[in-house]
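Model, not experiment: these values are computed from the prediction. Every chain is numbered from 1 and lettered A, B, ... according to where its sequence line falls, protein lines coming before strand lines.
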Amino acid sequence: MSNLEGYWKANTSLIRNLLIVWALVSYVLGILLAEPLNAIRLGALPLGFWFAQQGSIYVFVILIFYYAWKMDQLDRQYGVHE
Amino acid sequence: MSVEAWTYLIVGITFAIYIYIGYASRVRETAGFYVAGRGVPAIANGAATAADWMSAASFISMAGLISFMGYDGAVYLMGWTGGYVLLALLLAPYLRKYGKYTVPDFIGDRYYSHTARAVAAIATIFISLIYVAGQMRGVGIVFSRFLQVDIATGVIIGVAVVAFFAVLGGMKGITWTQVAQYTVLIIAYLIPAIAIANVLTGNPIPQLAFTFSDLVSRLNQIQVDLGFTEYTKPFQGKPMIDILAITLALMVGTAGLPHVIIRFYTVPDVRSARYSAGWALLFIALLYTTAPALAAFARYNLISTLHGKTLEEVRQIDWVAKWEKTKLLAFVDKDGDGKITVAPGRAFALKGGKPDFNTPDEKSKNEVHIDNDIIVLSTPEVAKLAPWVIALVAAGGLAAALSTAAGLLLAMSSAISHDIYYRIFRPNATEAQRLLAGRIVILLAVILSGYFGINPPGFVAQVVAFAFGLAAASLFPAILLGIFDKRMNREGAIAGILVGLIFTAVMIGMMRAPQIFGAPAPVIPNLFGISAEGVGVIGMILNFVVAYVVSRATPPPPEHIQHLVEDIRIPKGAGQAAEH
């Protein structure tokens with residue numbers, strides 16, 4: 001059972017870390033800091049605006065694939081894969 | 001060949017494909033009907049989920065909405081994509097492992113209670129019903145815009161097509177038609193966007209043209225010159241707290257929408273559920289990162305084409321003349337100088353929420369009415385594309401509306417035929433009876449949604465906020481706690497769902513009282529600056545708090561439920577769980 005507890009703990013801390021990134025790009029960079037960040041440019045777009053309308057979406061896609069890939073490793077490590 | 005002939009041809013071909021796929025994937029058992037036999041590969045489920053998710057509103061109206069909101073349009077862009085992260089990390093893999101047919105299945109079993117099952121089923125039916133009425137209306141509108149048939153005829157054609165593949169093929173038919181529909185809708189969206197990016201900036205990739213060309217800087221400058229604020233300036237239409245709340249409500253609501261969740265029951269194992277969420281969001285992101293680019297391009301193009309020109313001059317442009325006829329574009333020369341002025345505010349006064357073309361709004365100098373929908377609909381003509389591209393856009397709009405309608409109808413009818421009829425009232429029903437019940441209910445649901453499409457209840461468009469708010473405040477917390485909190489019990493979950501549901505419904509009712517009940521003014525305009533669209537977040541927080549407190553004050557769930565929770569946390573064995 002301790003084996004499975006370790007698996008669950010590793011899973012939940014991975015989820016927590018990825019959700020921190022999720023909140024950071026959307027709520028912090030895309031909304032809370034949008035005004036100050038707009039003083040900086042990415043290409044020709046103000047950075048806060050870019051995070052809100054482009055960047056956060058790219059990060060979301062990467063987060064999901066990263067989670068799926070990382071969980072493949074965890075599943076094998078703890079022998080719980082199909 | 002004329003645009004109209006092309007439209008009949010391309011729409012006809014795509015409908016024939018959907019009907020063929022529906023026939024080819026007809027099913028004979030309930031597992032096929034409800035979860036496509038759990039044989040859908042991750043990438044195909046991703047495409048189906050993307051089509052399921054992106055509605056007529058995403059396809060036709062969203063870019064236009066963003067175009068008028070500027071930065072604030074980000075609530076829809078982030079809100080309707082960020083929910084997939086929650087879905088992929090917190091819900092989809094575990095629900096797939098649990099491996100039944102519906103959302104109420106999980107909530108009813110996990111909380112060992114028919115009350116919980118019934119509440120979840122009713123929430124599912126209500127959420128899906130609100131949503132589906134708008135989809136059928138969307139089918140009618142696309143037909144009327146492109147083929148000049150009336151909306152009712154368009155709705156009936158749509159109903160007939162959906163009924164065919166949904167009744168015959170259930171989830172299996174819906175899944176494979178959605179894969180085809182995704183292909184049609186994304187091609188139809190990208191071709192005009194690529195063309196207009198190329199025309200305006202010389203860079204054919206919309207996302208790159210949006211980020212690296214100077215077009216948005218020029219747009220900002222024009223906006224300031226005309227008395228607007230900069231396009232990229234945040235919080236012009238809504239305060240920051242409302243932007244935060246709406247974004248979160250849409251994300252959590254997305255993750256809690258039953259028709260999206262049940263798509264993840266159709267894949268073979270837990271690993272596929274995780275990857276298919278990634279594919280789904282990738283496919284969605286193709287459209288959702290293109291839309292804001294299209295929004296800015298179209299806004300720049302419209303203002304620079306129209307502002308300061310004379311009426312005679314602009315009416316010689318084909319697309320201006322065409323869309324002026326449909327009233328999606330309308331002019332009024334308020335100052336009598338013969339020239340068009342674009343300015344903040346409305347060109348025409350509103351009557352019953354719609355512009356009244358006989359009454360210019362004298363509070364504003366603006367002389368152009370531009371409907372949101374024109375942004376996407378007019379792009380092929382503005383970019384001077386061939387008639388077949390315009391026809392393709394019509395087919396894309398129909399694909400978006402039909403695929404979403406089908407997914408919603410299945411979610412709604414499975415809550416009735418599976419959760420209420422079979423699990424609660426007729427647990428001894430045979431396989432054949434259950435399949436028949438499924439087919440009958442989905443047929444009735446299709447007809448009902450068609451009726452609402454032809455006779456839309458006035459409040460429907462106003463209460464889409466309900467669907468997301470209620471999903472966020474009821475289903476999402478109940479599922480999440482069911483997986484991550486082993487101690488969560490029946491009493492806590494039911495109390496939480498009820499408090500979240502009732503609070504959110506009452507709040508939206510009070511804030512939207514004029515639209516829903518015809519009251520002269522909202523009872524309260526907002527809660528601490530949070531509007532009806534975002535108030536589901538408060539409902540969600542209340543749900544979590546109430547569920548936690550009540551569950552700790554009442555006995556823990558029985559032992560077999562705690563084992564169930566341990567079991568769904570482990571991917572191994574999802575294949576066998578399918579054969580229950």
Side-chain angles (χ1 to χ4, degrees), chain A residues 1 3-5 7-8 11-12 14-19 21-23 25-28 30-38 41-72 74-76 78-82, chain B residues 66 70-71 73-75 77-78 81-82 84-90 93 207-208 210-217 220 230-235 240 243-244 247-248 251 268-271 274-275 277-282 284-285 288-289 292-293 295-296 484 566 569-575:
Chain A
M1 198 61 218
N3 190 28
L4 295 183
E5 268 167 30
Y7 170 75
W8 187 245
N11 177 22
T12 45
L14 176 61
I15 293 174
R16 183 199 58 219
N17 293 342
L18 296 182
L19 286 183
V21 178
W22 165 82
V25 292
S26 51
Y27 295 100
V28 178
I31 301 176
L32 290 168
L33 297 179
E35 274 185 309
L37 283 181
N38 269 358
R41 298 208 164 242
L42 186 120
L45 286 185
L47 189 59
F49 177 82
W50 182 81
F51 268 109
Q53 297 210 345
Q54 294 277 298
S56 55
I57 302 176
Y58 300 133
V59 176
F60 296 157
V61 176
I62 295 167
L63 286 177
I64 299 180
F65 278 112
Y66 180 80
Y67 177 70
W69 173 73
K70 203 75 190 161
M71 286 308 284
D72 279 351
L74 274 184
D75 288 353
R76 272 194 301 273
Y78 287 89
V80 294
H81 56 289
E82 283 278 15
Chain B
I66 297 165
Y71 164 90
V75 294
L77 295 167
M78 292 194 288
T81 55
Y84 280 85
V85 178
L86 300 176
L87 203 53
L89 273 51
L90 301 174
Q207 290 82 350
L208 296 181
F210 183 49
T211 309
F212 295 105
S213 79
D214 65 343
L215 188 125
V216 175
S217 317
N220 275 342
E230 285 187 343
Y231 185 78
T232 54
K233 195 169 167 51
F235 321 128
M240 187 198 276
I243 297 272
L244 284 169
T247 307
L248 186 56
M251 285 191 190
D269 51 31
V270 171
R271 185 172 180 271
R274 296 187 194 124
Y275 278 99
W279 288 116
L281 187 58
L282 180 69
I284 292 166
Y288 271 63
T289 54
F484 287 85
E566 275 159 20
R569 291 177 175 184
I570 308 293
K572 202 173 187 168

In terms of heavy-atom contacts, A:Ile31 and B:Phe235 come closest through O-CZ, 3.3 Å
Do the non-hydrogen side-chain atoms of B:Leu244 and A:Leu32 ever get within less than 4.5 Å of each other? yes
| task | Evaluate side-chain contact (heavy atoms from CB on, under 4.5 Å) for B:Val216 paired with A:Trp50, printing each intermediate quantity in order. | result | CA-CA 11 Å; B:Val216 175; A:Trp50 182 81; over 6 Å; no
For B:Gly573 and A:Glu82, the nearest pair of non-hydrogen atoms, with its separation, is N-OE1, 3.4 Å
Assert top hit (heavy-atom pairs under 4.5 Å, partner chain A, pool B:Thr232, B:Ile570, B:Leu77) equals B:Thr232
Heavy-atom nearest pair, A:Ile64 first then B:Ala88, reads CG2-CB, 3.5 Å
Notebook entry, point to check: Do B:Arg569 and A:Asn11 come within less than 4.5 Å of each other through their side chains, counting heavy atoms only?
Noted result: no
field: Min side-chain heavy-atom separation B:Val85-A:Leu18 under 4.5 Å
entry: no
- Task: Evaluate the side-chain proximity of B:Tyr84 to A:Val61: yes if any heavy-atom separation is below 4.5 Å, no if none is.
- Result: no
Heavy atoms of A:Ala44 and B:Ser213 approach each other most closely as CB-O, 3.1 Å
* Does the gap between the ring centers of B:Trp279 and A:Phe65 come in under 6.0 Å? -> yes
Nearest heavy-atom contact between A:Ala34 and B:Pro234 is CB-CG, 3.9 Å
Cut-off 4.5 Å, heavy atoms of chain A, and the answer for B:Leu248 is both
Of all heavy-atom pairs linking B:Met78 and A:Phe51, the shortest is SD-O, 4.4 Å
Inset, instruction - Determine whether A:Gln54 and B:Gln207 make a side-chain contact, defined as any pair of heavy atoms from C-beta on separated by less than 4.5 Å. - result: yes
dist A:Thr12:OG1 -> B:Leu89:CG (nearest 0.5 Å) comes out at 11.5 Å
If one checks every heavy atom of A:Ser56 against chain B at 4.5 Å, the contacting part turns out to be side chain
Ranked by heavy-atom pairs below 4.5 Å to chain A, first place among B:Ile66, B:Thr211, B:Leu87, B:Leu281 goes to B:Thr211
Does B:Gly82 offer a backbone N or O that forms a donor-acceptor pair with the side chain of A:Trp22 under 3.5 Å? yes
Counting only N and O atoms by type, is there a donor-acceptor contact under 3.5 Å from the side chain of A:Gln53 to the main-chain atoms of B:Gly70?
yes
Applying a strict 4.5 Å limit to non-hydrogen atoms, the region of B:Leu86 in contact with chain A is side chain
Answer key: most heavy-atom pairs under 4.5 Å with chain A among B:Leu282, B:Val75, B:Asp214, B:Val270 is B:Leu282
Discussion item. Do A:Phe49 and B:Glu230 make a side-chain contact, defined as non-hydrogen atoms from C-beta onward lying under 4.5 Å apart?
Written reply: no
Q) Less than 4.5 Å apart, any side-chain heavy atom of A:Asn38 and any of B:Lys233? A) no
If we only count heavy atoms from C-beta on, is the A:Asp75 to B:Arg274 side-chain gap below 4.5 Å? yes
| message | I'd like to know whether the aromatic ring centres of B:Phe484 and A:Trp8 sit less than 6.0 Å apart in this structure. | response | yes
Under 4.5 Å to a heavy atom of chain B? For A:Tyr58 that would be side chain
